[in-house]
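Structure first, then comments.
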Protein chains: 2
Amino acid sequence: MRSNTQLNGSTRERILGTAYQEFRQHGFQGGSINRIVASAGITKGALFHHFSGKNELGYHVVDEVIRPRVEEKWIEPLKRTDDPIRTLRQILYKAAETARVDLCQGCPLNNLSQEMSPLDEGFRTRINAIYDAQRTAIEAAFRRGIAAGLVRKSVNPERAAAFIVAALTGMTGTAKTAQCRELLMMASEGLIDYLDSLKP
Amino acid sequence: MRSNTQLNGSTRERILGTAYQEFRQHGFQGGSINRIVASAGITKGALFHHFSGKNELGYHVVDEVIRPRVEEKWIEPLKRTDDPIRTLRQILYKAAETARVDLCQGCPLNNLSQEMSPLDEGFRTRINAIYDAQRTAIEAAFRRGIAAGLVRKSVNPERAAAFIVAALTGMTGTAKTAQCRELLMMASEGLIDYLDSLKP
DNA sequence: CTATACATACCAACTGGTCGGTTTGCAAGA
DNA sequence: TCTTGCAAACCGACCAGTTGGTATGTATAG
């Protein structure tokens with residue numbers, strides 16, 4: 001009976017998915033290995049067979065669960081556009097739609113980032129690599145935007161990218177604390193104002 | 001010999017200060033009551049005499065330690081200015097100077113906010129009250145700035161305040177994860193660009 | 001037969017919190 | 001001034017429960 005082992009995805013993947021949700025809900029330190037194995041319907045033997053410890057499990061959640069999601073939503077759309085302002089606008093609108101769930105628990109990457117970056121270098125480098133990829137994608141898009149005449153020449157792409165990534169994480173963070181969708185919309189409009197100020 | 005009881009401040013104050021540093025280093029969930037009493041040089045009896053539990057202790061750290069610091073640094077200077085753009089610039093410069101310590105561990109308020117807001121309503125409301133005060137102060141300053149002709153009339157003060165607070169928290173957060181002072185400076189310049197775009 | 005993939009029972013360490021008792025500060029009464 | 005009384009402040013041993021982690025056993029696939 002290898003039933004659910006192969007039916008609901010491999011055990012490893014189920015562990016990763018359950019751990020992702022556990023850490024999302026309780027944070028990494030507050031997250032419990034015991035709860036993970038319980039709600040995944042497996043045992044500690046299985047978990048520690050696939051992952052050497054809690055930290056290692058967390059690292060793989062970042063690399064294999066969180067990173068792909070962030071890349072799909074926030075990075076990929078920017079890689080081929082020549083109009084970063086328009087594309088960022090679109091991403092913002094799409095994010096605002098799905099914000100009902102995220103509003104309560106915030107961006108999983110940002111949560112882990114704030115909690116674990118100062119405590120564990122393994123987390124910090126992995127998380128920062130994702131933010132770095134995002135910044136690089138935005139910066140490159142702005143360079144293309146300038147070349148295409150869709151962004152003012154005087155704009156500093158690196159500076160804009162650093163500011164935009166910071167603003168995005170801050171927006172989800174403050175909205176989570178306020179638990180107020182309107183605040184998220186308000187800040188989004190502020191970001192859009194900024195983006196528009198970069199037009200030629 | 002009531003020595004250090006009165007010499008180094010009251011026991012209650014020492015607990016608050018030590019707890020503040022403990023939660024700052026390890027987060028609230030990761031913070032340990034045992035470590036707090038040990039490094040404060042007191043006992044559990046004393047701690048639980050002054051505070052009814054860990055949560056209650058955390059609440060008082062927010063209200064009595066964190067809040068005054070935030071108000072002094074980030075809110076008070078805005079309350080009397082007619083030129084919010086200039087004042088925010090000054091605050092940014094001053095914050096950038098002291099960023100050496102904060103760069104590693106980030107803004108204590110933001111840390112607690114991201115960790116505890118989704119988990120505990122008591123934390124969430126207290127923390128959000130501080131951010132709300134900051135937003136209100138910025139908004140009011142922008143209104144006065146508009147009246148004084150130092151800010152464009154077309155600027156929406158509420159929107160700008162929401163965006164600026166979000167950007168500020170995001171900047172310290174991303175800088176903490178990157179552990180990179182230059183990134184903080186870069187994002188700060190981005191914010192200053194935005195602020196300048198609000199001038200008449 | 002061997003290696004992988006689990007399951008089970010168990011561990012020391014630590015968690016937040018409690019509780020009976022002791023010390024200390026201070027005010028009132030003689 | 002000395003004594004008595006009392007409450008707040010504080011101590012530290014102890015608690016049940018949980019933590020991440022391990023050692024051993026077993027089933028199964030190749």
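We name chains A, B, ... by the order of the sequence lines, and we start the count at 1 in each one.
- For A:S32, whose side chain is taken as the heavy atoms from C-beta onward, the closest listed nucleotide among D:dC10, C:dG17, D:dG20 is D:dG20.
- Between the CG atom of B:N156 and the CZ atom of B:F163 there is a distance of 13.0 Å, given to the nearest 0.5 Å.
- Annotation: the span from A:F48 atom CZ to A:E56 atom CD amounts to 11.5 Å, rounded to 0.5 Å.
- As rounded to whole Å, 20 Å separates atom P of D:dA9 from atom NZ of B:K44.
- For A:R86, the CZ atom counts as loosely surrounded, since its 6.0 Å shell holds 12 or fewer non-hydrogen atoms of other residues, nucleotides or ligands.
- Remark: C1' of D:dG20 and CZ of A:F23 are 11 Å apart, rounded to the nearest angstrom.
- Protein atom CZ of B:R14 is 16 Å distant from nucleotide atom P of D:dA9, rounded to whole Å.
- Within the nucleic acid shown, B:G30 has no heavy atom closer than 4.0 Å to any nucleic acid atom.
- The interatomic distance linking A:E13 (CD) with C:dA5 (C1') rounds to 16 Å, in whole Å.
- Rounded to a whole Å, the CD1 atom of A:I36 is 10 Å from the P atom of D:dT19.
- When the side-chain nitrogen and oxygen atoms of B:T11 are compared with OP1 and OP2 of D:dA9, none of them lie within a distance under 4.0 Å.
- To the nearest angstrom, P of C:dT15 lies 14 Å from CG of B:L47.
- Taking for each of A:G45 and A:G31 the nucleotide of DNA chain D with the nearest heavy atom, the 5'-most of the two is the partner of A:G31.
- In this structure, B:F48 places its CZ atom 7 Å from P of C:dT18, rounding to the nearest Å.
- Between A:H50 and C:dT4 there is no side-chain polar atom (N or O) within less than 4.0 angstrom of OP1 or OP2.
- One finds no salt bridge joining A:E97 and A:K94 here, because no Lys/Arg side-chain nitrogen approaches an Asp/Glu carboxylate oxygen to under 4.0 Å.
- When each of A:S52 and A:R35 is assigned the nucleotide of DNA chain D bearing its nearest heavy atom, the one mapping closer to the 5' terminus is A:R35.
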Where do A:E139 and A:R143 land on the salt bridge (Lys or Arg N to Asp or Glu O under 4.0 Å) test, with the steps shown first? CA-CA 6 Å; A:E139 184 184 336; A:R143 286 192 202 286; 2.6 Å; yes
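- When rounded to the nearest whole Å, the span between CG of A:N34 and P of D:dG20 equals 6 Å.
- Phosphate contact (OP1/OP2 of D:dA9, side-chain N/O of B:H49, threshold under 4.0 Å): present.
- Closest to the A:I42 side chain, of the nucleotides C:dA7, D:dA9, D:dG20, is C:dA7.
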